[in-house]
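Okay, structure first, notes after.
Order of the sequence lines sets the chain letters (A, B, ...), proteins ahead of strands, with each chain counted from 1.
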Amino acid sequence: MKVTIVDYNSGNISSVINSFKEVAKEKVNIEVTSDPNKIKSSDKVVLPGQGSFKSCVEALNNIDGLSDSLNEFTMTNKKPLLGICVGLQMFADIGYEETETKGLGWISGKVSKIDNQNGKYKLPHIGWNQINIVRDSKIFRDIENNSHMYFVHSYEFVPNDKKVISATTDYSSNIVCSIEKENIFGTQFHPEKSDMIGLKMIDNFINL
Amino acid sequence: MLKNRIIPCLDVKNGRVVKGINFVDLKDAGDPVEQAKIYSDGGADEICFLDITASNENRDTIYDVVEKTSKKCFVPLTVGGGVRSVEDINKLLNCGADKVSINTAAVENSKVVADSSTKFGSQCIVVAIDAKKNGDKWEVFTHGGRNNSGIDALDYAEQMEKNGAGELLVTSMDRDGTQVGYDIDLMSKISSKVNIPVIASGGVGNLDHLVDGIKLGKASAVLAASIFHYGKHSVKEAKDYLDSKGIPVRI
């Protein structure tokens, strides 16, 4: 099996690579690339993302054929994809960070700034917060409700169809922190930085 | 609910821990990778390396340490000390650091903060402020506390937030190494002034000081070095204690 981590200059992905390699050991081939053909031939794809929504979308679009190959992999071939942080946010139709930017449009919804309630809540939302599992997801196998995950973000994904939400976290409001829609998975938190419980989630994705 | 973080800090010089845990069963007490792993296994919410390597020829040792640690520890890793440029930050991130803290370079050229947070995202840019009290205000010091910039620490904190810092690591130079507790006044004033998280540092001598840093100092996270060294307290003990005082922690 081949799991591909998409390297599209979206910021620092070493931790994502390290964690997937730690979980995969010798059993699974972890490839790091932005080559559209290699993505098409993968069994699973991980889409990381750091920085702003706008910078990530631009970085993605800067690589010829990349968004087309991701579209084909995910929407046509229906193969499993995991978006992490801004990787998840890009599933949306539109994002409002810096300026209005069009997303991949895989899951209808928008990405907007977390309401800090006039400074009551510090932003970015940085640190360990508990996830409230609202619907069973395949990546939550053997992961208990209220587990702690590591977050760092100022924007949140607000999907139109609430049925795609698998977990939320409490920070100012119930922020969407995990989604599952058919073959599409996404986490707002960073499983690669969430200690053993995060590695378990990565293991669940690899073993889908 | 978001938990307050406990961040043990290891001083690293020429690739070796100079202030760290002195456990008898350690194979190599000076190995930063092994010590970081002990902390992360013990429930540390993040690990911080402060590189105090003085000579330029040994600067590269930290990259090797970061690379090895990031393959063994799966909690956030912050690295600071001697970070001069966007390229230095890029190199540390590529080696596996999750955040980089910038001190002197941020004072001398605030563009480093703005440029790096635009390039890598503010989530990985921590501005470290070494502050020392002078009359009724605090001044920002650089070069490991040797030079007084004369800049007001509160104004500077606000400016760094505007420049794109994701977090502020505030160290009281008056308290650092004294073990008499954080400068609560400094922490709470800066924390109230900015909307980004503040990490309190400098002066922790016992577990009550951690409680004070969060409750009175309004810090989002508490960094400590000495109390976790020599086995005085484990990270777990610290967390259990904070929990018993009603502070939300990840247990």
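- For B/Ala221, no part lies near chain A; criterion is any non-hydrogen pair under 4.5 Å.
- Looking at A/His148 and B/Lys3, their side chains come closer than 4.5 Å, going by heavy atoms from C-beta outward.
- Using a 4.5 Å heavy-atom cutoff, the side chains of A/Gln50 and B/Phe120 are not in contact.
- For a residue to count as touching a neighbouring chain, one of its non-hydrogen atoms must lie under 4.5 Å from one of that chain's; by this rule A/His153 does not touch chain B.
- One N or O on the side chain of A/Asn129 and one on the backbone of B/Met1 form a donor-acceptor pair closer than 3.5 Å.
- Both the backbone and the side chain of B/Arg250 come within less than 4.5 Å of a heavy atom in chain A.
- Interface summary for chain B: among A/Ser194, A/Gly51, A/Gly119, the most heavy-atom pairs under 4.5 angstrom belong to A/Gly51.
- Contact check for B/Lys71 versus A/Asn18: side-chain heavy atoms found under the 4.5 Å cut-off.
- Minimum interatomic distance between B/Gly166 and A/Pro124 (heavy atoms only, all atoms of both residues): O-CD, 3.6 Å.
- The only option from B/Val75, B/Asn4, B/Leu2 that meets the side chain to side chain contact (heavy atoms under 4.5 Å, CB included) definition with A/Trp128 turns out to be B/Val75.
- At least one side-chain heavy atom of A/Lys122 sits less than 4.5 Å from a side-chain heavy atom of B/Ser191.
- Looking only at side-chain heavy atoms (C-beta outward), B/Phe74 and A/Glu192 stay at 4.5 Å or farther from each other.
- Open room surrounds NZ on B/Lys68; 12 or fewer heavy atoms of other groups in view lie less than 6.0 Å from it.
- Taking a 6.0 Å sphere around CG of A/Asn37, one finds it holds more than 12 heavy atoms contributed by other residues, nucleotides or ligands.
- Between the side chain of A/Ser52 and the main chain of B/Gly121, no donor-acceptor pair closer than 3.5 Å is present.
- The environment of A/Lys110 atom NZ is sparse: at most 12 non-hydrogen atoms of other residues, nucleotides or ligands sit within 6.0 angstrom.
- The part of A/Leu199 that comes within reach of chain B is its side chain, from C-beta onward, which places non-hydrogen atoms under 4.5 angstrom from that chain.
- For the pair A/Ser15 and B/Gly96, the tightest heavy-atom approach, listed with the atom from each and the gap, is OG-O, 3.8 Å.
- Heavy-atom pairs under 4.5 Å with chain A were tallied for B/Cys73, B/Pro248, B/Pro197; the largest tally goes to B/Pro197.
- Summarising the local packing, CD of A/Gln117 is surrounded by more than 12 heavy atoms from other residues, nucleotides or ligands at distances under 6.0 Å.
- Atom NZ of A/Lys113 is surrounded by 12 or fewer heavy atoms from other residues, nucleotides or ligands within 6.0 Å.
- A distance of 7.0 Å separates SG in A/Cys85 from CD in B/Gln123, rounded to the nearest 0.5 Å.
- Other residues, nucleotides and ligands contribute only 12 or fewer heavy atoms inside 6.0 Å of the CG atom of A/Asp64.
- By the 4.5 Å heavy-atom criterion applied to side chains, A/Lys193 and B/Pro76 are counted as neighbours.
- In this structure, chain A has heavy atoms under 4.5 Å from both the backbone and the side chain of B/Ser70.
- Side chains of B/Ser220 and A/Ile126 form no contact here, defined as non-hydrogen atoms less than 4.5 Å apart.
- Counting heavy-atom neighbours within 6.0 Å of A/Lys200 NZ, excluding the residue itself, gives a total above 12.
- Taking all atoms of both residues into account, the shortest heavy-atom contact from B/Asn94 to A/Asn12 is N-OD1, 4.5 Å.
- A 6.0 Å sphere centred on NZ of B/Lys111 holds no more than 12 heavy atoms belonging to other residues, nucleotides or ligands.
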